[in-house]
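As structure tokens, the structure follows; a few thoughts come after it.
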Amino acid sequence: EYVDIHFATKRTGPRSTHGYFPPPITDEARSRLRRARAAYLMPDATPDRVFATETRDGPLADLAATRALRAELSDWLEKNGVRRLVDAGCGSFHWLAHADLDMLESYVGCDILPEVIDANQRLHGQRGNVLFALKDVVSAPLPACDAILCRNLLYLMPAGDGLAAIANFRASGARWLIASTWPGSTEADSGEIETLTDLSVAATGLGKPVMTLTDTSGMSLGIWSLRT
């Protein structure tokens with residue numbers, strides 16, 4: 001173990017990225033995310049029962065709901081030369097565990113809940129290119145990567161936290177952001193932004209996505225360049 005890096009389990013703690021030592025994750029931040037996820041998590045799920053109801057992350061992470069997305073995302077990652085992927089708000093890793101990630105040199109799934117990270121490491125830590133890290137993606141420095149995936153997370157946060165997360169994504173040096181968005185949402189039409197549902201609103205500074213991937217329930221996975 002060195003600077004919060006656990007080599008035996010291939011896990012990093014919140015202090016490990018590039019030698020940075022960000023503030024520890026607060027109980028308030030964890031409580032905020034737990035409340036936000038409450039409407040989506042299966043009520044009887046526990047970290048050790050990820051597959052008991054298919055996924056503890058709710059129906060949007062089911063394999064049937066993500067079948068088209070998994071194929072399109074894998075194809076896009078391969079065609080665009082993405083070799084290092086950070087998953088901001090990885091949850092149970094259920095749907096991505098069934099995607100083709102062989103093109104990646106490294107996948108780092110980040111989550112604020114320690115029980116989620118521990119369960120993921122037990123279930124998926126044997127995969128050679130997969131790593132999980134306990135991080136608050138709103139404020140903690142992220143690992144160096146080519147792309148950041150952020151599905152079903154930003155719209156669960158207050159808009160201020162969502163905007164801070166996007167700023168943190170930019171600061172990582174990643175080239176691409178792949179994130180959930182509902183184009184033309186009510187918030188964007190009215191100009192009142194309480195949560196970030198349409199990521200093309202002016203406040204994010206992202207503009208229109210360069211392309212979108214098929215998702216579910218009226219949602220798309222937009223892709224933005226973070227270097228424009």
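One-based numbering along the sequence shown.
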- Mind checking the CG-CG spacing from D161 to N168? Nearest 0.5 Å is all I need. 11.5 Å

- Rounded to the nearest 0.5 Å, what's the gap from OG1 on T197 to CE on M219? Could you check? 11.5 Å

- Can D215 and E72 be said to form a side-chain contact (heavy atoms from CB on, under 4.5 Å), step by step? CA-CA 10 Å; D215 211 321; E72 290 185 17; over 6 Å; no

- Query: Within a strict 4.5 Å, meaning less than it, do heavy atoms of the V137 and V86 side chains meet?
  - Reply: no

- Task: Could you grab the distance from atom OG1 of T66 to atom CZ of R70, nearest 0.5 Å is fine?
- Result: 4.0 Å

- Message: On a heavy-atom basis, which atom in S172 and which in L142 lie closest, and how many Å separate them?
- Response: CB-CB, 4.2 Å

- Query: Do I166 and L206 have side chains that get closer than 4.5 Å, going by heavy atoms?
  - Reply: yes

- Task: Take T204 and L163 through the side-chain contact (heavy atoms from CB on, under 4.5 Å) test and state the conclusion after the steps.
- Result: CA-CA 6 Å; T204 67; L163 293 173; 4.0 Å; yes

- Query: At their closest point, which heavy atom of N152 faces which heavy atom of L156, and how far apart are they?
  - Reply: O-CD1, 3.6 Å

- Heavy atoms only: give me the nearest A88-L153 pair and the separation to one decimal. O-CD2, 3.4 Å

- Message: Would you call the rings of F132 and F93 parallel, tilted or perpendicular, taking 30° and 60° as the class edges?
- Response: perpendicular

- Query: With a 4.5 Å limit on heavy-atom distance, are the side chains of I178 and L77 in contact?
  - Reply: yes

- Task: Working to the nearest 0.5 Å, report the span between CG of N80 and CH2 of W176.
- Result: 5.5 Å

- Item | R67, CZ: over 12 other non-hydrogen atoms inside 6.0 angstrom | no

- Message: Is it the case that the side chain of R151 and the backbone of G89 share a donor-acceptor pair, with hydrogens and angles ignored and the cut-off at 3.5 Å?
- Response: no

- State plainly whether the residues D146 and R84 are in salt-bridge range, i.e. N to O under 4.0 Å. yes

- Message: So L149 and L96, do their side chains get closer than 4.5 Å, heavy atoms only?
- Response: yes

- Worked check of side-chain contact (heavy atoms from CB on, under 4.5 Å) between S180 and L221: CA-CA 5 Å; S180 299; L221 207 59; 3.9 Å; yes

- Query: Roughly how far apart are L177 CG and L154 CG, rounded to 0.5 Å?
  - Reply: 7.5 Å

- Derivation of the side-chain contact (heavy atoms from CB on, under 4.5 Å) call for W95 and L69: CA-CA 10 Å; W95 69 277; L69 175 61; 3.8 Å; yes

- Could you tell me which non-hydrogen atom of S200 sits nearest to which non-hydrogen atom of K208, and how far apart they are? OG-NZ, 3.8 Å

- Separation between SG (C145) and CG (L104), nearest 0.5 Å, reads 11.0 Å

- Query: Is a donor on one side and an acceptor on the other found under 3.5 Å between the side chain of D100 and the backbone of A71?
  - Reply: no

- Task: Side-chain contact test, heavy atoms from C-beta onward, threshold under 4.5 Å: evaluate it for L63 versus H94 and give yes or no.
- Result: yes

- Query: Quick check: does any side chain N or O of D111 sit under 3.5 Å from a backbone N or O of G91, one acting as donor and the other as acceptor?
  - Reply: yes

